[in-house]
Protein chains: 2
Amino acid sequence: MSGTTRTFQEYLKANRLKLTSQRKLILDIFVSGSQLLTAEELFRQVTEIDPGISLSTVYRTFKHLQQAGLARCVHYGDGTTRYEPSEGHTSYLICEKCGRKIPILNPYLECLQQESARQEGFRMFRSQTTIFGLCHECLKEHLPNQKQSNRHH
Amino acid sequence: MSGTTRTFQEYLKANRLKLTSQRKLILDIFVSGSQLLTAEELFRQVTEIDPGISLSTVYRTFKHLQQAGLARCVHYGDGTTRYEPSEGHTSYLICEKCGRKIPILNPYLECLQQESARQEGFRMFRSQTTIFGLCHECLKEHLPNQKQSNRHH
DNA sequence: TGTGAAATGCGTCTGTTTCTCATTTTCGCA
DNA sequence: TGCGAAAATGAGAAACAGACGCATTTCACA
Ligand SMILES: [Mn+2]
Ligand SMILES: [Mn+2]
Ligand SMILES: [Zn+2]
Ligand SMILES: [Zn+2]
């Protein structure tokens, strides 16, 4: 039994919630799959295995996973909301041209955040740092294009 | 004429857009008011002065303000999207219970972010750090009352 | 002032998330 | 084991934020 499964079961028990087959399956697919799924996308993957599961249940389970600290959602600029397992990174570089999302590995960032919170008497649950800009690859294409886009419209 | 007004006019001119009375009013109220308004909330404030303005126009103007770099939107945990003037801080503590928003003043955070971007060959335009948790005041009320949740709707 | 481009208001439409409720499932306990 | 209360489910409706289409008005510029 994986760590996340145990965590989820503990959360359920602590809140007098029940472990259903649907919740098991949703958790399984969520933590094992690639990250940053739309609720709809996870729903599609889940129904491939159990076609009876409803989208409502996916949303409801997401809520619990979030409260259990196992999932977090990221709101994208395009309006979509994507969910990801909340182990791992919370800091990213996001390229505004190609959408590439690069995790930031600098551990000092988290330390400084903890420290900032502490200074205010604040209890930190989670943090999120997003740095917007242009990635290495897009920078190379961006600069030559600059002249053309100046004369636009 | 304020700096933001000038910036907005320059943006408009550069994009062959027009300065309408609606846009003037929306910008005015937005930059002068307290921060972190919902589109709906700004709409209400705006219609107190000019009842003819439509919600669509508020949304449309927000888009332009964002593109002009004068506004930014923050997605809250409760699902609402709030807009704020983008001058000043980009790092905040946000209390998930009372919604209080506390600017983080630590300059090392920005330095570290710049550094992280540089390491990836990334060109940073702007960054945003959000730390979710409980503020000092809510912590005092929270602990006795463990079973609190759902600031929803 | 006249003219074309752009913006507005208002209604409609879309996609996402939540809610309602009748039915089914879970789980602690006898 | 089987019971019963509590909780979860699926299906659909409802709520909600935003975006859109279009007829009409307003703006910018000459
Ligand atoms: Mn946004
Ligand atoms: Mn969220
Ligand atoms: Zn890129
Ligand atoms: Zn608070």
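Proteins come first, then strands; the chains are lettered A, B, ... in the order of their sequence lines, and each starts at number 1.
- For R23(A), taking side-chain heavy atoms from C-beta onward, the closest of the listed nucleotides dA8(D), dC27(C), dG18(D) is dA8(D).
- The heavy-atom pair separating L36(B) from R82(B) by the smallest distance is O-NH1, 3.0 Å.
- Between E40(B) and V58(A), the one whose closest nucleotide on DNA chain D sits nearer the 5' end is V58(A).
- Among the heavy atoms of the strands lying under 4.0 Å from I53(B) are primed sugar atoms or P, OP1, OP2 only; no base atom is included.
- Checking P51(B) against K18(A), the closest nucleotide of DNA chain C that is more toward the 5' end is the one next to P51(B).
- Distance CG (L17(B)) to P (dT26(D)): 19 Å, rounded to an integer number of Å.
- When the P atom of dA11(D) is taken as reference, atom OH of Y59(A) falls 16 Å away, rounded to whole Å.
- Whole-Å rounding puts the F43(A) CZ to dT18(C) C1' distance at 15 Å.
- Side-chain atoms of S21(B) lie closest to dC27(D) of the nucleotides dA7(C), dG9(C), dC27(D).
- Atom CD in E41(A) sits roughly 11 Å away from atom P in dT17(C) (whole-Å rounding).
- Counting to the nearest Å, the P atom of dT16(C) and the CG atom of L37(A) are 14 Å from each other.
- With hydrogens and angles ignored, a donor-acceptor pair closer than 3.5 Å exists between the side chain of R60(A) and the base of dG10(D).
- Within the nucleic acid shown, T57(A) comes within 4.0 Å of sugar-phosphate atoms alone, with no base atom in reach, counting heavy atoms only.
- Only one option out of E120(A), Q119(A), R118(A) pairs with F122(A) in a side-chain contact (heavy atoms from CB on, under 4.5 Å); it is E120(A).
- Distances were taken from every side-chain heavy atom of L55(A) (C-beta onward) to each of dT17(C), dA6(C), dA6(D); the shortest belongs to dT17(C).
- A ring-centre distance under 6.0 Å is not found for Y108(B) and Y108(A).
- What separates CG of L42(B) from C1' of dA17(D) is a distance of 15 Å, to the nearest Å.
- The side chain of T20(B) has dC27(D) as its nearest neighbour among dT18(C), dA6(D), dC27(D).
- Put simply, K63(A) has no side-chain N or O that comes within less than 4.0 Å of OP1 or OP2 on dT17(C).
- Distance, L25(B) CG to dT26(D) P: 16 Å, rounded to whole Å.
- Nearest nucleotide to the S56(A) side chain, out of dG28(C), dG11(C), dA11(D): dA11(D).
- T4(B) and L27(B) get closest at one heavy-atom pair: O-CD2, 4.2 Å.
- Contact annotation for Q22(A): backbone-only contact, meaning every heavy-atom pair under 4.0 Å involves sugar-phosphate atoms and none involves a base.
- Atoms CZ (R82(A)) and P (dT17(C)) sit 11 Å apart, rounded to a whole Å.
- A salt bridge is absent between R44(B) and E41(B); no separation between the charged side-chain nitrogens and carboxylate oxygens falls under 4.0 Å.
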